[in-house]
Each structure stands twice: as structure tokens, then as C-alpha cells.
Amino acid sequence: MRTLYDFHGGIHPPENKLPSTTSPIATLPLAPLLHVSMAQHTGNPARPCVAPGDRVERGTLIGRPDGTLSAAVHAPASGTVVSVGPVVQAHPSGLCELTVTLETDGQDRRAAPTPLTDWASRSEDEVRAFLASMGVVGQGGGVFPSHLKLNARALETLVVNGAECEPYITCDDRLMRERAGRIVEGALIAGTLTGAREIVVGIEDNKPEALAAMQAAARGTRMEVVAIPTKYPSGGAKQLIRILTGKKIPHGVRSTAMGVQCFNVGTLYSLAQAVLEGEPVVSRIVTLTGSVARPLNADVPLGTPVDWLMQAVGRSADSDGVLMGGPMMGSRLPALEAGIVKATNCLIATSPALFPPPPLSMPCIRCGDCANACPAELQPMDLYWFARARQFDKARAWQLFDCIECGACNSVCPSAIPLVDYYRFAKSEIWAEEREKQAADRARARHEQRLARIEHEKALKAERLAQKSAAAKAVAEAVATSTTDPGKPPASVPVDSAKKAAIEAAMARAAARKAEAAQTQSGVSPEASANPLPPATPVTAMDPAKKAAIEAAMARAAARKAEAAQTQSGVSAEASANPAPPVTAMDPAKKAAIEAAMARAAARRAATEQKESR
Amino acid sequence: MPFVPHATRTVRVSRVMFKVLLALVPAFGVYCWLWGAGVLVQLLLAVFTALLAEAAMLRLRGRPLAPSLGDGSALLTAALLALAMPPLGVWWLIVLATLFAIVPGKQLYGGLGHNPFNPAMVGFAAMIVSFPSQMGQWGSPLSPLSTAEQIRWIFLRTPPAGSFDALSSATPLDALKTGLLGGGEVSRLVASPLYGHFGGAGSEWLGLAVLAGGLWLWRQRIISLRAPLGLLCGLLALALPLWLVMPERFASPGFHVLTGATLLGAFFIVTDPVTGPTTPRGQWLFGFLVGALTYLIRVFGGYPDGLAFAVLIFNIAVPLIDTLTRPPAFGQAKGARR
Ligand code: SF4
Ligand code: SF4
């Protein structure tokens with residue numbers, strides 16, 4: 001028997017898992033339109049490689065990974081691309097991201113599968129590139145590209161997360177009951193790639209059927225299936241690693257540095273499907289539950305609109321909204337027409353009966369219940385005081401960023417204080433501050449560069465002037481000597497094209513700058529700073545890595561575009577005579593306009609949401 | 001409006017407060033049995049004053065009345081004061097004490113959760129400083145006075161014939177202190193009918209009733225035993241060695257535990273979450289410091305009992321104690337701070 005360790009805190013909320021576990025994983029009618037987001041994973045959004053009008057099959061690549069921190073996106077069903085552009089996301093912010101919208105044809109044509117059955121004889125880099133190209137990302141909620149998590153060597157323990165601790169969610173439970181074999185195969189592949197000494201699956205003991213199925217599937221392999229005590233949030237990666245290995249991964253340390261890596265069962269299932277069947281990630285198991293007539297789990301094509309799914313399971317008339325994720329960490333979706341993404345593990349139709357409005361919050365009485373419940377071993381009441389008083393430095397010193405936003409503190413607070421909202425507010429304020437600082441630094445750098453450039457240009461001009469006057473003198477002398485030839489200006493054409501390129505580059509830069517500025521502004525959430533209490537909405541709660549990545553990607557894109565413009569106009573003078581732009585490269589001004597519009601929309605939404613929440 | 005999480009616990013502040021009130025019932029029972037119904041009169045006076053003062057202050061501060069009046073915290077302050085003040089004290093004494101507790105002690109700081117000092121102790125300390133002689137008249141236990149006589153005495157100060165002693169005997173701690181200052185020896189002094197087996201006559205039973213209520217609260221997970229045990233340790237750490245060395249100069253540790261406000265303070269005052277530390281080590285430390293200072297004031301200071309002052313003094317230090325004793329976060333090395 002394996003020694004299990006306990007973690008501090010944790011709670012036992014009502015589980016509400018039963019309704020959705022009684023029936024097997026269902027297939028629902030295919031939606032006529034699928035909104036397949038290019039930003040379904042942590043990191044850079046994929047770059048769409050289809051255009052409106054293109055025919056696609058299930059599994060056709062529609063978005064290429066943009067860099068290493070990215071993953072591919074595939075068509076979830078056969079049909080026709082109707083548009084490629086920003087569409088509202090299944091995200092609490094209601095932000096728009098680049099999305100490929102498909103009109104399905106219901107014919108279920110499949111692209112030829114491309115398995116990598118000889119993965120064992122391939123190099124690790126090849127396998128990882130393959131996984132990126134198949135769009136395999138973490139399905140536990142983090143949606144971190146899996147190929148990056150597999151770059152560990154000589155792991156001590158590969159932890160497989162089948163805990164599924166959050167109330168209502170049962171997608172992993174059903175997956176383990178019905179498809180345990182594939183999960184085990186995926187775990188063995190991941191174990192081999194990472195050189196793991198042992199592979200351990202942790203499953204909460206409130207899922208006896210899943211435990212039995214996994215134990216049966218793992219028999220005869222080196223994988224160990226362990227029942228762990230039911231306690232929220234045992235499915236948090238750090239908590240599960242603690243339970244199974246006794247190791248506590250501190251904030252800011254990679255678990256691989258301590259010889260552990262953690263994968264969700266759904267992720268390993270999709271990994272095995274990709275490697276062994278050549279099936280890219282085009283669907284996932286989603287729990288559809290709450291105030292609905294037929295709670296169930298379904299294998300849902302990515303991009304299926306939330307309202308379509310809700311209609312399919314009979315969302316009740318009194319339902320007042322939909323949560324994505326569980327009741328502890330999930331959040332209300334502002335737009336139900338959005339398509340589901342790889343992170344969508346559960347959709348809960350809320351109703352006033354199921355989720356009554358929170359009671360009026362009372363003052364904090366410092367009872368310490370929150371600290372007793374906090375799995376990150378923080379002092380939530382102190383963080384609350386600091387956030388409230390806008391003492392963000394203090395909040396930071398008290399390890400605000402160790403908070404995993406599990407909501408355990410919230411749910412035990414006798415004063416019913418929305419603690420997590422305060423933490424998100426404080427975090428977003430700190431990020432905003434940092435972004436502002438970075439923007440200021442960038443602006444300063446730009447200013448200095450500009451000064452240097454002006455200096456340089458002045459010097460050049462002076463030089464040119466000197467040359468010109470010398471030339472003029474020479475010409476005059478020449479004229480003086482022979483009056484036959486009036487020197488023609490041969491340099492005029494090249495100067496022209498160079499100038500044009502420079503102007504275009506400058507325009508692109510300006511556009512990028514503008515878009516960036518708009519972006520920063522919308523991120524700062526002016527309403528939050530105007531109104532210190534209570535923290536508005538999680539509009540601003542985007543994780544900093546993602547935000548930074550987005551910004552970096554945008555900057556890179558702008559640079560690329562500027563470069564392209566430059567080479568184009570610079571290289572071929574005749575090309576400028578024929579201004580038909582290439583189909584794929586969007587012209588920078590348009591791009592900038594779209595980006596600015598997106599930023600404006602986001603800001604508008606933030607403002608209206610703020611108004612509503614007042 | 002999004003809110004997270006979407007499943008909230010049903011336990012409310014008021015539930016906590018009413019459980020604490022319930023835990024005080026045995027103490028009130030024993031009190032009535034030993035001293036007569038006077039304490040209930042005090043309780044009624046305190047409750048009325050507390051609710052009126054709270055309502056008036058909330059009105060002045062423009063806050064809604066219902067949630068704050070209903071949270072039970074004012075009732076708790078009133079009940080603690082009724083137990084702490086002399087049972088036969090003149091009526092305005094407890095009224096003033098309660099006013100002090102609620103108005104400057106709590107509401108002027110911004111109400112429940114914002115007060116750095118324990119309100120009941122603020123009221124009590126204000127009275128002991130302002131009216132030491134009134135506060136010293138305790139009435140002897142197993143008093144022969146009838147309820148009617150007690151009420152007349154409390155409101156009108158008309159003494160029933162020939163029982164002045166029953167109305168104004170000093171507290172055991174007070175008497176012991178005066179006796180010791182007069183050169184008496186502990187063993188002779190505690191032979192007086194004022195004292196029982198361990199502590200003051202009757203007050204030891206009261207102490208046990210308070211203890212029972214406190215332990216029940218612990219079983220109910222409303223309080224932890226860290227601060228109470230810390231307080232007893234702090235008291236014993238001084239009382240025990242001194243008593244062992246000079247038993248005739250210093251009363252026994254048992255006497256100190258079972259007399260005066262020790263147990264009430266341990267289970268109902270230093271466990272007040274609002275004005276006490278929240279970290280586990282901080283709670284031990286806070287209890288210990290209060291216990292030790294209580295003993296020092298009792299034995300060497302100018303007041304017969306020192307709990308109220310000790311609590312108030314260390315209430316100020318709570319933020320510091322919390323900061324110094326903050327436990328490391330998940331995975332963080334002990335003692336490391338970023
Ligand atoms: S649980 Fe609520 S009332 Fe208690 S200390 Fe934490 S924040 Fe304050
Ligand atoms: S939300 Fe943060 S502070 Fe609250 S219990 Fe979870 S980790 Fe701790």
C-alpha cells in the first residue's frame with residue numbers, strides 16, 4: 001500500500017455528482033455552426049490556415065501552432081468555413097478571439113488519420129512536435145500544451161489526476177469508467193517519454209466504479225491506481241502531488257524540478273488517441289448538468305455553442321445562467337453563443353433554486369475558518385484586508401500569488417465574504433500596475449531610440465548635404481568643362497522605393513503601438529480602480545503569462561508584418577505598381593483596426609458588466 | 001453578476017455568536033444559585049443598554065440596523081459584562097460599562113470586526129478605573145438576600161436591615177491582596193469564609209461552569225484551545241514557582257485559576273476572534289502573555305484582578321503577533337519569507 005499524505009485545509013462541499021453519472025457518455029446532435037477558437041490553450045493562439053469557403057473534414061488542420069508555446073487546432077466536423085475572425089469566447093471575460101466558424105454538413109467525413117504508432121522508436125522531439133500538431137493540451141482546466149509538459153527527463157513520479165474533486169463535474173469519472181484502457185495507454189506513453197520511475201493515478205474514493213475500471217485496466221502494467229480520500233481540492237495539481245508523493249511544490253517552482261509531473265486523465269486519453277489512432281483533439285467529454293432535464297456527459301465537438309448543448313439537455317425555464325467549470329472555481333459565461341473549448345469540462349445551468357444569490361456579506365470577524373480551509377496555507381483574512389485596503393504590496397508579501405483561487409475560504413466564511421473576488425481584484429490590479437510600468441519602460445526606450453535616430457538622421461543629412469554640394473560643385477565644374485550633358489538624376493527611383501518602405505514600416509509600427517495601447521487600456525479595467533469595493537468582475541482576471549504571451553505575440557506579429565511590408569516594397573519596385581495584396585497576409589492597417597476594435601469591445605463589455613454588477 | 005464560489009456555507013456569524021451565548025448558560029445558572037437573581041437583573045440591564053446603544057450608533061452611522069443587531073455580537077458583549085461586573089452593583093454601573101463597551105469600544109471603530117479591543121473588557125476596565133470602590137463591592141455568595149431585596153438594592157441602594165456585609169463584601173482576590181499587604185499569611189487568610197476549597201467560595205463552582213461551557217464550544221469547533229491553554233500556561237508559569245518557593249506569600253496556582261475572571265477570560269475573552277490573533281502560534285503566544293500579565297497585575301500591581309488590563313494591552317499587539325507568527329505557505333520552508 002502506498003503511504004498517502006494529507007494536505008492542509010480543504011472542505012467537503014455537497015457533491016451533486018450523481019445525476020450526471022447515471023448514463024453513459026452520450027453523443028448529441030451536431031450543431032449547425034461550430035465556433036472553433038484559435039485560443040483554446042495557454043500561450044499563443046494558433047494561426048488560422050483556412051479561409052472562408054474552404055471545405056474541411058473532421059480532423060483537417062485549421063490552425064497552426066504559433067511558436068512553441070502553442071498548439072494546433074483542427075476542424076471538429078466536416079463542413080465549410082464560413083468566417084475567420086474575432087468571435088466571443090467561452091470565457092468569463094467575454095473577450096473575442098480569432099475563431100474559425102464552420103458550417104457543418106452532417107456528413108461526418110474524416111480526414112485520413114495520422115497515427116504515430118512507432119512513437120517508441122522516434123526521437124522525443126519528434127513525438128512532442130507530433131503532439132503539438134495534434135492539438136493535445138491539458139484538459140484538467142489549465143489547457144497547457146502537453147508537449148511542453150513532456151519535456152521532463154528521469155522523472156521520479158508521473159502523477160495522473162483522476163481526482164475530480166469539484167462538485168457537479170463527472171466527465172473524468174465517466175471517461176475512466178468507459179475508456180480506462182486508453183487512459184492507461186496514454187499514461188504509459190507519457191511515462192516512457194518522461195522516463196518516469198513510477199506512474200500513479202489518484203482517484204477520489206467517491207468514484208468506486210472509476211477506481212475499479214482503472215484498476216482492471218492497469219492490471220499487468222507498471223501503473224498504480226490509488227484511492228485517495230475525498231476532499232476538495234484534492235484534484236489541484238499541487239495538492240494531488242502532495243497526497244501521492246508527500247512533496248510540496250512551492251509557488252514559482254516547477255514540479256519537474258522536484259521530479260514530478262502531473263497529467264489529467266482526459267489529457268492522457270487524448271494523447272493516446274492522437275498517438276495510437278492518429279486522432280487530433282476535436283472533441284472532449286463535457287458534463288452538462290445543473291438545472292436541466294437530462295443531466296449527462298457527452299462527447300462534444302469543440303466549438304459547439306453552449307446554448308445548443310443546453311437546449312439539447314433541456315435547460316429549465318427558470319435557469320438564469322450557465323457556469324463553465326464547477327461551482328467552486330468556475331465562472332458564469334457572459335455569452336452563451338460561444339463555442340466550447342478544450343478547457344470546457346462542465347457546463348452547469350444555474351437557477352435561483354440551485355444557486356441562491358449569496359447572502360449579504362458581514363464584516364470579517366477574523367474567525368480564522370478561512371485559514372483552516374486554505375489548501376495553499378495562506379491567511380485569507382489578511383489577504384482580504386490588504387486587498388480591501390488596496391495594500392497590494394502587503395498582499396503580495398502575504399503570498400497573494402500562491403492563492404489557487406480554489407474558493408475553499410469563500411465557502412466556509414461565516415460572514416459570506418466573496419473572498420476570491422477580492423483576490424482576483426487585487427491580482428488584476430497588480431498586473432495592471434506592472435503592465436503600466438512595463439509600458440512606461442517601453443515608451444522610454446522608444447523615446448530614447450527616437451532621439452538616437454534623429455541624431456543619426458541629422459548626421460546622415462549633413463553628410464549627404466556635404467556630398468551633394470561636393471557633387472554640385474563637381475557637376476558645375478563638369479558643366480563648366482563640357483556643356484554637352486545635363487547630368488540626369490539616376491538615384492531617384494531607388495530612393496523612392498526605400499522611402500516608401502520606411503513609411504510603411506512606420507505605419508505598421510504606429511498601428512501596432514495603437515493596438516497595444518488600446519489593449520493595455522482595456523486590461524487595466526478603469527472601473528476597478530475607480531471603485532475600490534467590491535471587485536468588479538473577473539474581466540481582468542487573465543493570467544499574466546497568457547496576457548504577456550498575447551502581447552508578445554501581437555508585438556511579434558506586428559514586427560513580422562512590418563518586415564514583410566518592408567521587404568515587399570523594398571525588393572520589387574514593380575510590385576508596388578501592382579498593388580494586389582497577397583491573400584493570406586492581412587494588411588497591417590486592417591489588422592490593427594480589428595485589434596483596436598476588439599480591444600474597444602472588451603473595454604465596452606467590461607464597462608457594462610461593471611454597471612450591471614453595481 | 002459573477003460570484004465565486006457558487007456554493008456557500010450556511011453557517012453565519014449569528015450562529016457562532018448564539019452558540020457562544022448558549023455556552024454561557026451554565027455559568028449564569030451557577031451564578032444565580034450562589035449569588036441570587038441579581039446577576040439576571042444585571043444581564044437585562046446590559047442587554048437593553050447594548051441593543052439601544054448599538055441601534056443608536058448604527059442609525060448615526062447610517063447603517064442598516066437588522067444585520068448588525070441580529071448578529072448577536074452586542075448580546076454577547078452584554079452577557080460577558082453581566083458575568084464580569086459585580087452582581088449587586090448599582091444599576092448605572094453596568095449601564096455605563098455597556099455604553100463604554102458598545103460606543104467607544106466597538107461602534108466608533110467601525111462596528112463588529114473593526115474593533116481592536118475586546119468591547120466587554122473596554123467597558124469593564126473603564127469602570128474599574130473610574131469607580132474602583134463600586135466595582136469592589138461584590139456581595140457574598142450564598143447571600144441571604146431575597147430577589148426583591150436584591151432588586152431594591154441594585155436600583156435604589158436601600159439596604160435591607162442588618163445585612164450590610166452581604167451586600168458589600170470584597171472579592172476574594174481583593175481581600176487576599178489587602179490581607180497580604182497587611183502582613184497576613186495566605187494560609188490564615190484563606191481560612192476566612194470568603195474562600196472555598198481552592199478559590200473564592202462559590203467562584204470555584206462558577207469557574208467550573210465556565211469551563212464546561214468553554215469545553216463545549218471547543219467540541220463544537222467554535223473555539224480552539226490554543227489561547228485558553230496558553231493563558232493558563234502563562235498564569236501557571238509564574239504562579240507555580242512562586243508558590244512553591246514562598247507558599248505563605250503567594251496563593252496556590254489552583255486558587256489563581258479558579259478565582260476571579262481567569263477561566264472566563266481563558267475561554268470567552270482571549271478566544272474572541274476579532275480582537276485576538278488568527279495564527280495558531282499567535283494564539284498560544286497571546287494567551288500566554290495575557291495569562292502572565294494577569295498574574296503580575298493581580299499579585300504585584302495596583303488592581304485586585306488584572307485580566308481586563310492584560311487583555312487590552314495585548315489586544316494592541318495582535319497585529320504584530322499575527323505578523324511574527326504567520327505560518328509558511330504551502331511548500332515554503334519554515335521561517336522563509338519572500
Ligand atoms: S472566514 Fe470570513 S470572517 Fe472568518 S476570518 Fe476568514 S474572512 Fe474573516
Ligand atoms: S481561494 Fe486562495 S486563499 Fe482561498 S482557500 Fe483557496 S488558495 Fe486559499
Side-chain angles (χ1 to χ4, degrees), chain A residues 7-8 11 13-14 92 167 238 242 247-251 253 323 326-332 334 348 350 355 357-360 362-368 371 375-379 381-382 397-399 402 405-408 410-416 418 420-421 424 537-538 609 612-613, chain B residues 1-17 19 63-64 66-68 70-73 106 109-116 221-224 226-227 271-280 282-283 318-319 322-323 325-333 336-338:
Chain A
F7 64 90
H8 176 89
I11 53 171
K238 291 187 179 191
R242 162 75 186 163
K247 293 176 185 170
K248 286 180 164 187
I249 315 288
H251 179 70
V253 174
L323 295 181
M328 301 298 297
M329 298 182 72
S331 38
R332 208 167 273 274
I348 306 177
T350 60
F355 298 99
L360 194 71
M362 304 280 295
C364 168
I365 54 166
R366 292 168 46 82
C367 63
E377 298 174 35
L378 303 176
Q379 304 290 308
M381 59 278 167
D382 292 345
W398 257 245
Q399 281 120 342
D402 285 29
E405 297 183 13
C406 68
N410 243 27
S411 60
V412 298
C413 177
S415 290
V420 177
D421 284 352
R424 289 185 174 168
T537 52
E609 250 176 44
E612 272 164 27
S613 69
Chain B
M1 191 185 98
F3 54 92
V4 174
H6 307 273
T8 335
R9 178 169 100 158
T10 43
V11 174
R12 311 283 298 132
V13 171
S14 50
R15 276 266 293 279
V16 176
M17 295 291 177
K19 277 198 173 167
R63 296 297 165 95
S68 297
D71 68 19
S73 61
K106 179 175 167 194
Y109 282 108
L112 178 66
H114 300 267
N115 48 309
R221 294 167 178 273
I222 303 275
I223 62 169
S224 90
R226 289 184 283 261
T271 51
D272 172 30
V274 175
T275 57
T278 50
T279 65
Q283 289 170 348
V318 161
D322 265 343
T323 305
T325 57
R326 179 156 58 98
F330 183 88
Q332 214 185 4
R337 289 266 182 285
R338 269 168 294 161

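In the text below, chain A, chain B and the rest are named by the order of the sequence lines, each starting its count at 1.
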Side chain to side chain, F355(A) and P327(A), heavy atoms closer than 4.5 Å: yes

Side chain / backbone / both / neither for D322(B) at chain A, heavy atoms under 4.5 Å: side chain

L360(A) portion near chain B, given a 4.5 angstrom heavy-atom threshold: both

Donor on one side chain, acceptor on other, R63(B) and S68(B), under 3.5 Å: no

Closest-packed option against chain B by number of heavy-atom pairs under 4.5 Å, given R366(A), Q379(A), K248(A): R366(A)

Chain B contact via I249(A) - side chain, backbone, both or neither, heavy atoms under 4.5 Å: backbone

Portion of P277(B) that has a non-hydrogen atom of chain A nearer than 4.5 angstrom: backbone

Separation of S14(B) OG from D71(B) CG (nearest 0.5 Å): 7.5 Å

Minimum heavy-atom distance between Y109(B) and H114(B), given as atom pair plus value: O-CB, 3.3 Å

Non-hydrogen atoms of A329(B) and L378(A) that approach each other most closely: CB-CD2, 3.7 Å

Winner by heavy-atom pair count (cut-off under 4.5 Å) against chain B, out of C367(A), G368(A), A376(A): A376(A)

